[in-house]
Participant: 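Structure incoming, see below.
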Protein chains: 2
Amino acid sequence: MDIQLKRGLLDVCVLAAIRSEDSYGYKIIKDMKPYIELSESTLYTILKRLETANMLTVRTVEHGGRLRKYYHITDAGQKRIADFKEEWKEMMSIYQFVTKEDDVNV
Amino acid sequence: MDIQLKRGLLDVCVLAAIRSEDSYGYKIIKDMKPYIELSESTLYTILKRLETANMLTVRTVEHGGRLRKYYHITDAGQKRIADFKEEWKEMMSIYQFVTKEDDVNV
DNA sequence: CAGTAATACTTCGTGTTACGATGTATTACA
DNA sequence: TGTAATACATCGTAACACGAAGTATTACTG
C-alpha cells in the first residue's frame, strides 16, 4: 500500500488500537497488522507525538521482569477520532472526484 | 483538513483533473479547489514528479502572448488512478477499524 | 496612463514525517 | 549455548507539502 495514502491514518489507527483497552507497543503493532503494517520505529515516533499532543498518557508497568509502557487514550484522543470521522467525509468527496467517470453530457 | 490525510490523494487528484481533458497549472488548481486546495508550489512539484514518473506528458503552447504548459495523462497515469481505486478498498477497511464501536460482546 | 489584479510558471528553504538500521536487555525455548 | 521473541529507544535520511519570493504578461480601472 502506498505510504502516502496511509499517512493520515496512522495516528488515528494507533489511537483506535488503545481506545477500548490500554495497550503497549508490541501489542499495538500486532493488533494493527491486519489493517496497517508499521515498523517499531514508526510506532514509537507516533506514540511520542501523540503523548506530546496530550492525546494519550503513559504508565510504566513491570511485567515478567521487563518494563512495559501502557498507553491510555485521553479525551483529546477520543476527540481526534471523532474529528477524523468528519474529515473522512471530505475524503469521500475527493474520492468521488477522482473516480467519477466522464459523464459530462451522457 | 489534515495535511497528512490528503497527502496520498494529491497525486491522484491532479491526474484526475487532467484525465478528461489536457489542462494547465492554473486551471488545475481552480478545478480542484472545491475538493482540495493546494498552493502553486505544491502543484508544480507534483506535476514534475508525475512527469518524471511518466504519468503525464507536457506540451508548451502559446496562449495570448503567454506560454502555457498543457499536461496530458498517459496510460501509466490512467493505471495509477485504477490502482488507487484498489488501494481505496484497503483504506475503507482501515476506516472500519478506526470507527468500529466496542461491540465486542454486545 | 499609472496602478493593481489576475494569469502563469519557477525556485528556495523548511518543518513534518515514515522508516530502515542498529542497539540494549530480558525471557522462553530448543 | 544459541536463537527467537518480547520490548523499547535512537539516529540518519529521503520524500513531501508549502510559504515566500520572484519573473513576466494581459486586463481592468480610476
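Just so it is clear: chains get the letters A, B, ... in the order the sequence lines come, proteins before strands, and each one is counted from 1. Computed from a predicted model, the values in this text were never measured in an experiment.
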Participant: Salt bridge check, A:Arg80 against B:Asp2: does any charged N sit closer than 4.0 Å to a carboxylate O?
Facilitator: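 Yes, this pair counts.
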Participant: Between D:dT23 atom C1' and B:Leu67 atom CG, what is the distance in whole Å?
Facilitator: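 Whole-Å distance recorded here is 13 Å.
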Participant: Out of curiosity, does A:Leu10 fall in the hydrophobic cluster containing B:Met1 (side-chain heavy atoms, cut-off under 4.5 Å, transitive links)?
Facilitator: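 Yes; tracing contacts between hydrophobic side chains, which count when under 4.5 Å, links both residues.
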Participant: So which protein nitrogen or oxygen atoms get under 3.5 Å of nucleotides 14-19 of chain D's nitrogens or oxygens?
Facilitator:
unit_1 : atom_1 : unit_2  : atom_2 : d
D:dC16 : O4'    : B:Arg7  : NH2    : 3.2
D:dA17 : OP2    : B:Arg49 : NH1    : 3.1
D:dA17 : OP2    : B:Arg49 : NH2    : 2.8
D:dC18 : OP1    : B:Lys6  : NZ     : 3.1
D:dC18 : OP2    : B:Thr42 : OG1    : 3.3
D:dG19 : N7     : B:Ser41 : OG     : 2.8
D:dG19 : O6     : B:Ser41 : OG     : 3.1

Participant: D:dT26 C1' sits how many Å from B:Arg68 CZ, rounded?
Facilitator: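 The answer, rounded to whole Å, is 12 Å.
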Participant: Looking only at heavy atoms, what is the nearest atom pair of B:Thr99 and A:Arg19, with distance?
Facilitator: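 B:Thr99 and A:Arg19 have their closest heavy atoms at C-NH1, 4.3 Å.
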Participant: Please name the residue in the list A:Ile29, A:Leu9, A:Leu43 that meets the side-chain contact (heavy atoms from CB on, under 4.5 Å) test with A:Val14.
Facilitator: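 Result: among A:Ile29, A:Leu9, A:Leu43, A:Leu43 is the only option passing the side-chain contact (heavy atoms from CB on, under 4.5 Å) with A:Val14.
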Participant: Can you tell whether the side chains of A:Asp11 and A:Arg49 come within less than 4.0 Å, N to carboxylate O?
Facilitator: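 Salt bridge between A:Asp11 and A:Arg49, a charged N being under 4.0 Å from a carboxylate O: yes.
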Participant: Which pairs with one or both residues in residues 24-35 of chain A pass side chain to side chain donor-acceptor pair (under 3.5 Å), sequence neighbours excluded?
Facilitator: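 Residue pairs with at least one partner in residues 24-35 of chain A: A:Tyr24-A:Arg68, A:Lys27-A:Asp31.
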Participant: Using a cut-off of strictly less than 4.0 Å, decide whether B:Tyr24 has a side-chain nitrogen or oxygen near OP1 or OP2 of C:dC9.
Facilitator: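 No, no such contact exists.
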Participant: Under 4.0 Å from OP1 or OP2 of D:dC8: is there any side-chain N or O of A:Tyr44 that close?
Facilitator: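 Yes, because at least one side-chain N or O of A:Tyr44 sits under 4.0 Å from OP1 or OP2 of D:dC8.
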Participant: Separation of A:Glu51 atom CD from D:dA9 atom C1', in whole Å?
Facilitator: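 Roughly 14 Å, once rounded to whole Å.
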Participant: Could you state the atom-to-atom distance from CG of A:Leu47 to C1' of D:dA7 in whole Å?
Facilitator: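 For the pair A:Leu47 CG and D:dA7 C1', the rounded distance is 12 Å.
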Participant: What integer distance in Å separates B:Lys48:NZ from C:dC12:C1'?
Facilitator: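 For the pair B:Lys48 NZ and C:dC12 C1', the rounded distance is 13 Å.
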Participant: Where do N or O atoms of nucleotides 22-26 of chain C meet protein N or O atoms at under 3.5 Å, pair by pair?
Facilitator:
unit_1 : atom_1 : unit_2  : atom_2 : d
C:dT26 : O2     : A:Arg66 : NH1    : 2.4

Participant: Does the side chain of A:Thr42 pick up a donor-acceptor pair with the side chain of A:Ser39 at under 3.5 Å?
Facilitator: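 A:Thr42 vs A:Ser39: donor-acceptor pair found between side chains.
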Participant: In whole angstroms, how far is the C1' atom of D:dA27 from the NE2 atom of B:His63?
Facilitator: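 That distance rounds to 13 Å.
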Participant: C:dC9 C1' sits how many Å from B:Tyr26 OH, rounded?
Facilitator: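 These atoms are roughly 10 Å apart.
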Participant: When you look at NZ of A:Lys85, are more than 12 heavy atoms from neighbouring residues, nucleotides or ligands closer to it than 6.0 Å?
Facilitator: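 Enclosed: over 12 neighbouring heavy atoms sit under 6.0 Å from NZ of A:Lys85.
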Participant: Touch check for B:Lys30, heavy atoms < 4.0 angstrom, all strands: base, sugar-phosphate only, or nothing?
Facilitator: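 Answer is sugar-phosphate: B:Lys30 comes under 4.0 Å of backbone atoms only.
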Participant: In whole Å, what is the span from the CD1 atom of B:Ile29 to the P atom of C:dA6?
Facilitator: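 Rounded to whole Å, this separation is 15 Å.
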Participant: Supply the atom-to-atom distance A:Ser23 OG to A:Tyr71 OH, rounded to the nearest 0.5 angstrom.
Facilitator: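 The distance works out to 10.0 Å.
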